[in-house]
Amino acid sequence: MTSTDTFTAALRDLISANHILHHHGVVDAYGHVSIRHPADPDLYIMSGFLAPALVSSPADLITYHVSDSSPVDPNAGKGYSERFIHGELYKRFAGVNCVIHSHAEEVLPYVVTDVKLRPMYHMAGFLASHGNGDGVKVFDIDALYRDGEQRDMLVKNSRFGAALADMFATSDASTSGSGPRSETPDESVVLMRKHGFTVVGRDVVTAVYRAIYTRINAEVQTKAMATAGFQGLTSEQSKDCAVMNEEYQQKPWKLWVREVERLPLYENTLSETRNFA
Ligand SMILES: [Zn+2]
């Protein structure tokens, strides 16, 4: 595969990821997914200001600098105000190559109460938190606001994004946003108080898998608690299931890509099978 082919395939998968996340209820008109540029780690790519379901071609995508989340093309159209979530995670962790941010309603009970989201079943071992017992960490932006700043909960500058990125590292005890750069995050998912959640992965397949099963796991936990309380995975089961989760992600990815390629709502000009039907 040439570097051009690799780049085209990455954009195709990014467009498919937008559609998959919409089809599986992770994003609605809001929420977003990005990838690190496959040839330049100092850049990342995501849709412009568009609902994920409507992203259809490379013309809908904007490339940003990791350093400050400014667009490479100064004439680029309007982007997502929360792109700093993505830029600061790519800056903090060299091994993160895909970031997803969501407000999926199944997860919201766990950002507006003190009930911890925990890994419930074998598909969600990756939810085990390394830095905060066995509940998924919760980032609270409120303490970061300065006088006069609009408290709209959005991660719309580098300061907020860096503090969120810090939460993905076990060593973080503060929200200073000044943690050391490292290769791999300790957390795969961090919840965001009164807002939503953010997921990272080494590639788009892993991040999409985690985002979808975070939503499903939250739904399972809520139903279990409404029924009779729950018995989730033990710490050891979570750890081993997380290893297993890494090995089984290609299978659902192929299904999810095929699903959105065949649904008329979604258009992907880079799809290899788009003219199949
Ligand atoms: Zn958001």
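Note that ligands are numbered from 1 as they come in the structure, with each ligand's atoms numbered from 1 the same way.
- Between the side chains of His24 and Glu259, a donor-acceptor pair is found at a separation under 3.5 Å.
- Applying the ring-ring contact (aromatic ring centres under 6.0 Å, His included) test to residues at least two apart or on different chains, the pairs with a partner in residues 46-68 are Tyr44-Tyr64.
- Using the six-membered ring where Trp is involved, Tyr209 and Trp256 have ring planes that are tilted, between 30° and 60° apart.
- Environment of CG in Asp5: crowded, with over 12 heavy atoms of neighbouring residues, nucleotides or ligands closer than 6.0 Å.
- No side-chain N or O of Asn217 forms a donor-acceptor pair with one of Tyr121 less than 3.5 Å apart.
- Around the Zn ion (ligand 1), the protein contributes the following N, O or S atoms at distances under 2.8 Å: Glu82 OE1, His101 NE2, His103 NE2, His195 NE2.
- Tyr80 and Ser34 share no donor-acceptor pair across their side chains, judged by distance under 3.5 Å alone.
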